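Small disclaimer: the values here were computed from a predicted structure and weren't measured. Read the numbers this way: they start at 1 and go in the same order the structure lists the ligands and their atoms.
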Amino acid sequence: MIQNERPVIANSLWTATANRVPDYPVLEGTQTADVAVIGGGFTGLSAALHLAEAGANVTLLEAQQPGWGASGRNGGQINVGLYDPPSVIRRKFGDEHGNRMIDMSGNAGDLVFDLIEKHRIECNAIRPGWIRAAHTPKTLRELHALAEEWQALGANVEKIDRDKITRLTGTDVYLGGLVDHRGGNLQPLNFALGLAEAADRLGATLHGQSPVSAIDRVAAGYTLHAGRGTVTAPQVLICTNAYSGDLHKPLAKSVLPVRSVQVATKPLSDNIRASILPDLHALSDARRLLLYFRLDADGRFLMGGRGTYNDHSTRRQLDRLRRVSRTFFPQLADSEWEYAWGGLVGLTRDHYAHLHEISPGLKAGLGFNGRGVAIATAMGRVLSRWALGAHNDDLAFPVTSIKPLPLSFARQTMVEAEILRLRFLDKMGL
Ligand SMILES: Cc1cc2nc3c(=O)[nH]c(=O)nc-3n(C[C@H](O)[C@H](O)[C@H](O)COP(=O)(O)OP(=O)(O)OC[C@H]3O[C@@H](n4cnc5c(N)ncnc54)[C@H](O)[C@@H]3O)c2cc1C
């Protein structure tokens, strides 16, 4: 179960198959650190790990326990690259910065697999590739153009036609797409817990059940009030993404938290398992309200998609995901559905993750737009370098001022209305 989550989506496969139940202690007393990290998802854990590795004295404060947020609940698909194709990134950010962003995002899968190997993280990580599937001729052209751009940069990305995608997926609903061989799958909560363990081993101090309630500016930097104590540090990294809450309101308003939900079957029989994604690819499609699916290490089928906020419509969305699964794979007709869970993705206005320096030494990195297993891990490393003195111009994410999204008081209504609009466009194939 995911604590503090609405019961309709609290039954998480990843919690049920976690290597351990994390139990990092509450912060007590008056502590100091070189760097304090707020938030124990991939971003904060990767930042803490890289800082500890560099010899910094780092303390991480997590409101619940590491992996509690989106990092422990996602689809576990290792997706590389950013939302825009490389040519658009270069046009928007210039050649030098754009190329740095392209390299970082293209190599983010390598970072994940290197960390897993180096720190011996047990999280069922495999690298069969990530399929991006087209459901219309227009999205097929776009995905093929994207594959050509990456190929021109030497990346192992393959265009696939209808026959090949049918063979790789076991369903004939897609027209083709691409296989990005840099991607793959893992058990995301176990990856997060492994990052926490590695950071701890390297000397980072981790605290659970320690929500930071206030940040005071002091002569030595910032004093964070959390749990039953305080931490004072000259550098603070806020890594709270879609769960940013009230700690820094403008920061929280710069991302739109949107629910994503998933369902999973019980382990499938060997013959059904072999008929769906036989090479164990991760897949997400090109719909505006994308569908994503994969098998887990025990042969369960997982299907995910964007959800809504209230229980009634979320229940309908979970039913819809099960129905779509059976349409794509009629062999699932009699399968039992064991898990249903979800979490929040943080959308930004321009679909890019951003770095912000709120005041000297108080930094944040967030806005992964639903693609954070690899990119948030890379963000954590970038934040660690920033805290250690790297110049803004040398970072692989744009450093921008915080721009709160408009009308944040009416967010849920706006999101619900937008979801209906996008669903209509997807249905019409537009
Ligand atoms: C259902 C779902 C499916 C997804 N599928 C994929 C996928 O397949 N592939 C992919 O690449 N990405 C996917 N994503 C996105 C990915 O999970 C996120 O981008 C990524 O986990 C963000 O990591 P993070 O560390 O920035 O944030 P989080 O993991 O959300 O961590 C933020 C943490 O901050 C803590 N926090 C908040 N406020 C405070 C405070 N005041 N004090 C202390 N701690 C605080 C929270 O408790 C939380 O643990 C998915 C997301 C969801 C929700």
Side-chain angles (χ1 to χ4, degrees), residues 2-5 9 12-14 22 27 36-48 60-81 105 108-109 112 130 183-186 188-189 191-192 195-196 206-215 224-227 231 236-248 251-252 255 257-263 282-284 290 292-294 302-307 321 340-348 353 364-380 383:
I2 302 172
Q3 281 178 343
N4 302 345
E5 188 54 275
I9 50 167
S12 160
L13 165 63
W14 307 134
L27 176 73
V37 177
I38 306 175
F42 299 140
T43 308
L45 292 167
S46 164
L60 181 145
L61 302 166
E62 162 56 44
Q64 306 283 337
Q65 286 290 330
W68 178 85
S71 298
R73 307 160 184 237
N74 58 68
Q77 299 200 5
I78 302 163
N79 309 147
V80 300
S105 65
V112 168
W130 170 36
N185 284 317
L186 48 65
L189 179 54
F191 177 50
L195 291 175
L206 278 68
H207 292 284
Q209 261 67 51
S210 301
V212 176
S213 55
I215 304 176
L224 312 186
H225 300 260
V231 181
V236 175
L237 303 176
I238 305 182
C239 307
T240 48
N241 201 40
Y243 291 86
S244 289
D246 289 337
L247 186 60
H248 188 277
L251 184 70
V255 291
V258 172
R259 212 178 266 296
S260 187
V261 291
Q262 292 174 83
V263 289
L283 182 146
S284 53
L290 89 171
Y292 51 96
F293 53 89
R294 54 169 285 202
L302 282 69
M303 169 70 84
R306 287 281 145 84
L321 291 174
W341 74 104
L344 297 174
V345 300
L347 306 186
T348 55
L366 77 177
F368 301 104
N369 294 278
R371 208 186 278 183
V373 174
I375 304 296
T377 306
M379 166 67 89
L383 280 167

Protein heavy-atom partner closest to [atom] - residue, atom, separation in Å:
atom	value
atom 13 (C) of ligand 1	Gly370 O, 3.2 Å
atom 27 (O) of ligand 1	Asn241 CB, 3.5 Å
atom 39 (C) of ligand 1	Thr240 CG2, 3.7 Å
atom 1 (C) of ligand 1	Ser260 O, 3.2 Å
atom 53 (C) of ligand 1	Gly343 C, 3.3 Å
atom 4 (C) of ligand 1	Asn74 CB, 3.0 Å
atom 30 (O) of ligand 1	Ala70 N, 3.0 Å

Ile78, portion touching ligand 1 at heavy-atom distance under 4.0 Å: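 Neither part.
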
Location of contacts on Tyr292 toward ligand 1, heavy atoms closer than 4.0 Å: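 The part of Tyr292 near ligand 1 is the side chain, not the backbone.
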
So which of [options] gets nearest to [atom], if we judge by its closest heavy atom?
atom	options	answer
atom 32 (C) of ligand 1	Cys239, Gly76, Gly109, Gly39	Cys239
atom 38 (N) of ligand 1	Tyr243, Trp68, Phe191	Tyr243
atom 48 (C) of ligand 1	Gln64, Arg306, Gln77, Glu62	Glu62
atom 29 (O) of ligand 1	Gly40, Ser71, Ser12	Ser71

Do any N/O atoms on [X] end up under 3.5 angstrom from N/O atoms on ligand 1?
X	answer
Thr43	yes
Val345	no
Gly44	no
Gly372	yes
Gln65	no
Phe368	no
Val212	yes
Ala63	yes
Gly75	yes
Arg73	no

Whether Pro211 lies under 4.0 Å from ligand 1, heavy atom: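 Yes, Pro211 has heavy atoms under 4.0 Å from ligand 1.
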
Ligand 1 contact by Leu61, heavy-atom criterion under 4.0 angstrom: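 So Leu61 counts as touching ligand 1.
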
If every non-hydrogen atom of [X] is compared with every non-hydrogen atom of [Y], which pair is closest and at what distance?
X	Y	answer
Pro66	Pro22	O-CG, 4.1 Å
Val261	Leu321	O-CD1, 3.6 Å
Leu247	Ser213	CD1-C, 4.1 Å
Pro257	Leu344	CB-CD1, 4.1 Å
Arg73	Gln262	O-NE2, 2.9 Å
Leu60	Gly44	CD1-O, 3.5 Å

Contacts of type side chain to side chain contact (heavy atoms under 4.5 Å, CB included), residue Ala226, not counting sequence neighbours: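 Partners of Ala226 under the side chain to side chain contact (heavy atoms under 4.5 Å, CB included) test: Leu27, Leu61, Ser210, Val212.
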
Would you find a donor on one side and an acceptor on the other, under 3.5 Å apart, between the side chain of [X] and the backbone of [Y]?
X	Y	result
Asn185	Arg294	no
Tyr292	Gly75	no
Ser71	Gly41	no

Check each atom of ligand 1 against the heavy atoms of [X] and keep those under 4.0 Å away; list them by number with element.
X	answer
Gly41	25 (O), 29 (O), 31 (O)
Leu344	53 (C)
Gln262	1 (C), 3 (C)
Ile38	40 (C), 42 (N), 43 (C)
Val373	9 (N), 10 (C), 11 (O), 12 (N)

Whether Phe42 and Phe191 hold their rings parallel, tilted or perpendicular, with breakpoints at 30° and 60°: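 Judged by the thresholds at 30° and 60°, the geometry between Phe42 and Phe191 is tilted.
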
Within-4.5 Å side-chain heavy-atom neighbours: His248 and Ile215: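 Side-chain contact under 4.5 Å: no.
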
Distance-only donor-acceptor check, side chains Asn241 and Thr43, under 3.5 Å: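 Not at all, the side chains of Asn241 and Thr43 share no donor-acceptor pair under 3.5 Å.
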
Test side chain to side chain contact (heavy atoms under 4.5 Å, CB included) applied to Val236 and Ile38, step by step: CA-CA 8 Å; Val236 175; Ile38 306 175; 3.9 Å; yes

Nearest-0.5 Å distance, CG of residue Asn79 to OG of residue Ser105: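 Taking CG in Asn79 and OG in Ser105, the distance rounds to 11.5 Å.
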
From Ser284 atom OG to Leu290 atom CG, the distance as rounded to the nearest 0.5 Å: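 So the OG of Ser284 and the CG of Leu290 are separated by 5.5 Å.
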
Partner residues of Trp130 under the ring-ring contact (aromatic ring centres under 6.0 Å, His included) criterion, sequence neighbours left out: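 With sequence neighbours excluded, Trp130 shows a ring-ring contact (aromatic ring centres under 6.0 Å, His included) to no residue whatsoever.
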
